[in-house]
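Everything numeric here is computed off the predicted structure, so don't read it as measured data. Every chain is numbered from 1 and lettered A, B, ... according to where its sequence line falls, protein lines coming before strand lines.
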Amino acid sequence: MIGLIDCNNFYVSCERVFQPALRSRPVVVLSNNDGCVIARSEEAKALGITMGTPYFQIEYLIEKKNVAVFSSNYTLYGDMSARVMEALQSFSPETEIYSIDEAFLRLEENFEETGNKICKLIYQWTGLPVSVGIAPNKTLAKIANRTAKKLKSSVFEMSDAKTRDEVLRETPIKDVWGIGYNSTKKLNALGIFNAFQLKNFDRRHARKLLSVTGARIVEELNGETCLPLDLAPAPKKSITCSRSFGGHVESFADLHDALGCYLVRAGEKMRKNNLTARAVTVFLATNRFSKQPQYSNSHTIELINSTDSTRELREWTRRALAVIYKKGFLYKKVGVILQGLRSESAETIRLRGEKDYQKDKRLCAALDQISRKFGRDAVRFGCRSNSKNWQMLAEHKSACYTTNLREVLRIAN
DNA sequence: TCTGGGGTCCTAGGACCC
DNA sequence: TCTGGGGTCCTAGGACCC
């Protein structure tokens with residue numbers, strides 16, 4: 001059997017751990033730039049605040065209903081997530097970390113009892129509430145988890161076929177894992193509205209209508225296993241870093257500064273995974289919601305030598321940006337994608353510039369160390385301007401309680 | 001005024017090869 | 001240039017996930 005452990009309203013719960021007074025208050029967490037709502041407490045859901053709603057559209061409600069608002073604090077959520085996953089590993093060697101707040105787990109026996117133990121241990125270690133769904137495969141475990149949340153119970157087991165059919169009848173098609181907006185429309189047009197109907201849908205038709213992904217879903221709803229546990233996730237194929245700006249940016253210099261910061265982040269991530277890149281893409285875009293003239297473009301440069309040097313990549317990203325930059329537009333976003341990633345050990349010695357490259361490697365290693373120890377802004381890679389109009393908005397950010405000694409929670413004085 | 005970021009997988013179609 | 005079958009690789013775009 002497969003268990004799906006999912007933290008309840010994860011980001012909100014992380015904030016509540018450190019501010020228990022918020023436990024009975026509606027709470028929301030916003031996306032980067034304080035743009036949209038991306039997590040809601042049950043109380044906030046009850047107020048009709050939906051996922052992805054732009055913050056400015058509900059600001060009146062926030063004030064009127066005394067909703068607590070947070071900017072997203074990924075340092076905190078990432079650290080809390082690691083603690084949850086560590087607790088989980090003690091229950092089974094076969095664990096797949098699926099996302100920041102979810103993991104699949106193979107369970108051998110005493111399913112419901114184990115589920116309850118899991119909830120208890122995670123709460124004891126982290127203060128976070130979780131739900132566990134248990135079923136024969138991943139797709140059904142997802143549905144079991146959704147049911148646990150719906151019933152406000154921490155564990156829901158769906159091992160017998162009769163229970164499954166009952167639950168599937170109550171599960172709208174759009175809530176099936178892998179069925180998104182477009183597939184829902186297609187299935188609805190054929191009169192299929194719930195998971196039980198999809199289970200009995202002709203597999204060949206499913207394959208035709210929704211490709212192999214759809215066919216697999218039908219199989220799994222029937223109790224077969226098509227999606228194995230992914231115990232050792234494949235190495236990353238690409239690393240992206242991009243942000244929308246708080247304001248807008250016009251000049252090449254400002255865009256390049258912003259891009260430089262994202263590249264540093266992407267480079268750190270790449271080196272942490274012992275990878276090098278063989279190609280780099282830069283993209284930029286104006287604000288798609290604005291009535292101003294629109295422009296977006298991207299440019300990819302294939303590298304002769306794969307590299308993990310931020311200094312070297314900085315030169316390539318500057319060139320790529322120069323290819324697509326057009327004067328006169330109000331830009332809202334720029335980003336970098338490192339592609340063709342492969343293990344550092346697969347690198348070959350360069351015919352030219354090997355010595356400089358080795359020097360770069362030492363430089364990057366030193367910078368990575370400094371930034372780990374003293375924070376991301378301790379040293380910068382040649383940012384020229386102090387322009388603040390590309391900085392992100394984060395007006396409601398909580399402290400990094402668990403990762404920064406200076407921000408540790410204080411009790412009384 | 002204000003609308004997130006980072007990924008993966010699948011398919012169709014074109015280019016090219018023998 | 002025509003004839004046919006069988007295959008690989010690459011890319012763009014779509015769909016989906018959290």
Side-chain angles (χ1 to χ4, degrees), chain A residues 4-11 28-40 49-60 62 69-74 77-78 81 96-104 138-139 142 145-146 173-187 206-217 226-227 230 233-248 262 265-266 269-270 273 279 281 283 285-292 298 300 302 330 332-341 389 392-396:
Chain A
L4 173 66
I5 292 81
D6 187 315
C7 301
N8 304 349
N9 314 323
F10 181 56
Y11 297 168
V28 297
V29 176
L30 305 177
S31 65
N32 279 342
N33 272 318
D34 296 342
C36 307
V37 173
I38 53 168
R40 307 156 295 156
I49 299 174
T50 52
M51 195 74 168
T53 310
Y55 179 47
F56 71 91
Q57 285 177 6
I58 51 157
E59 239 174 319
Y60 71 96
I62 300 280
V69 177
F70 289 92
S71 305
S72 33
N73 183 347
Y74 289 104
Y77 311 150
S81 169
E96 174 187 340
I97 298 175
Y98 176 66
S99 75
I100 193 164
D101 73 329
E102 275 174 69
F104 292 103
K138 287 183 173 180
T139 305
K142 274 276 199 185
N145 189 287
R146 176 181 172 277
I173 204 78
K174 70 168 175 49
D175 290 334
V176 175
W177 189 39
I179 302 292
Y181 179 77
N182 287 289
S183 304
T184 300
K185 269 200 302 194
K186 284 186 201 167
L187 289 166
R207 160 84 225 226
K208 235 180 176 171
L209 192 71
L210 309 171
S211 90
V212 295
T213 9
R216 277 184 205 138
I217 292 169
C226 301
L227 306 165
D230 203 351
K236 281 184 186 300
K237 293 175 181 167
S238 70
I239 292 174
T240 306
C241 189
S242 81
R243 295 281 180 281
S244 295
F245 307 136
H248 60 251
Y262 309 153
R265 307 272 315 260
K269 215 186 270 180
M270 175 168 61
N273 287 281
T281 298
F283 60 90
T286 51
N287 185 351
R288 64 197 162 106
F289 298 103
S290 141
K291 292 202 174 76
Q292 301 285 331
S298 72
T300 301
E302 308 274 340
L330 301 177
K332 186 66 180 174
K333 186 177 198 170
V334 66
V336 58
I337 311 175
L338 305 177
Q339 287 153 304
L341 300 182
N389 45 7
M392 267 197 323
L393 233 58
E395 292 181 341
H396 312 279

Please enumerate all residues that pass side chain to side chain donor-acceptor pair (under 3.5 Å) together with A/Arg146, with sequence neighbours excluded.
A/Asp175
Has the side chain of A/Ser242 got a donor or acceptor atom that lies under 3.5 Å from a matching backbone atom of A/Val334?
no
Using a 4.0 Å heavy-atom cut-off, does A/Val176 contact any base of the nucleic acid, only the sugar-phosphate backbone, or nothing at all?
sugar-phosphate
Tell me which of A/Arg216 and A/Ser31 sits closer to the 5' end of DNA chain B, going by the nucleotide each one is nearest to.
A/Ser31
Those residues that, when tested against A/Ser99, pass side chain to side chain donor-acceptor pair (under 3.5 Å) (two or more places apart)
A/Asp101
Test of understanding: with ring-ring contact (aromatic ring centres under 6.0 Å, His included), list the residues that count as partners of A/Phe104, not counting sequence neighbours.
A/Tyr98, A/Trp177
Residue closer to the 5' end of DNA chain B, A/Phe283 versus A/Phe289 (nearest nucleotide)
A/Phe289
Suppose you measure atom P in C/dC18 against the same atom in B/dT3; what distance do you get, rounded to whole Å?
25 Å
Residues at least two apart in sequence or cross-chain that pass side-chain contact (heavy atoms from CB on, under 4.5 Å) with A/Asn33, listed by chain then number, are A/Ser244, A/Met392, A/Leu393
Applying a 4.0 Å non-hydrogen cut-off, can you work out what A/Tyr55 is touching in the nucleic acid: base, sugar-phosphate, or nothing?
nothing
Under 4.0 Å, heavy atoms only, any strand: does A/Glu102 hit a base, just the sugar-phosphate, or nothing?
sugar-phosphate
Indicate yes or no: at least one non-hydrogen side-chain atom of A/Glu102 is less than 4.5 angstrom from one of A/Asn145.
no
With sugar-phosphate meaning primed atoms plus P, OP1 and OP2, does A/Ser238 contact a base, only sugar-phosphate, or nothing at under 4.0 Å between heavy atoms?
sugar-phosphate
Using a 4.0 Å heavy-atom cut-off, does A/Lys174 contact any base of the nucleic acid, only the sugar-phosphate backbone, or nothing at all?
nothing
Would you find a donor on one side and an acceptor on the other, under 3.5 Å apart, between the side chain of A/Ser71 and the backbone of A/His396?
yes
Categorize A/Lys332 for me: base, sugar-phosphate, or nothing, with a 4.0 angstrom heavy-atom threshold over every strand shown.
sugar-phosphate
Report the residues that fulfil salt bridge (charged side-chain N to carboxylate O under 4.0 Å, His left out) with A/Asp34, sequence neighbours left out, ordered by chain and then residue number.
none
May I ask you to say what A/Ile100 touches in the nucleic acid, namely base, sugar-phosphate or nothing, with a heavy-atom cut-off under 4.0 Å?
nothing
Watson-Crick or G-U pairs under 3.5 Å in DNA chain C, rendered as dot-bracket with [ ] for crossing pairs and | for another strand
....||||||||||||||
Pick base, sugar-phosphate or nothing for A/Ile179, based on heavy-atom distances below 4.0 Å to the nucleic acid.
sugar-phosphate
A/Lys332 meets the salt bridge (charged side-chain N to carboxylate O under 4.0 Å, His left out) criterion, sequence neighbours left out, with none
What range of DNA chain C does chain A touch, first nucleotide to last, counting atoms under 4.0 Å from its heavy atoms?
C/dA15 to C/dC18
For A/Ser183, report the nucleic acid contact type (base, sugar-phosphate, nothing); a contact means any heavy atom under 4.0 Å.
sugar-phosphate
Taking only residues two or more places apart in sequence, or in another chain, which ones meet A/Tyr11 in a ring-ring contact (aromatic ring centres under 6.0 Å, His included)?
A/Tyr74, A/Tyr77
Identify whether any heavy atom of A/Lys333 sits under 4.0 Å from a base atom; if not, whether one sits that close to sugar-phosphate; answer base, sugar-phosphate or nothing.
sugar-phosphate
Just call it for A/Asp101: base, sugar-phosphate, or nothing, with non-hydrogen atoms closer than 4.0 Å on any strand.
sugar-phosphate
Base, sugar-phosphate or nothing for A/Asn33? Non-hydrogen atoms, less than 4.0 Å.
nothing
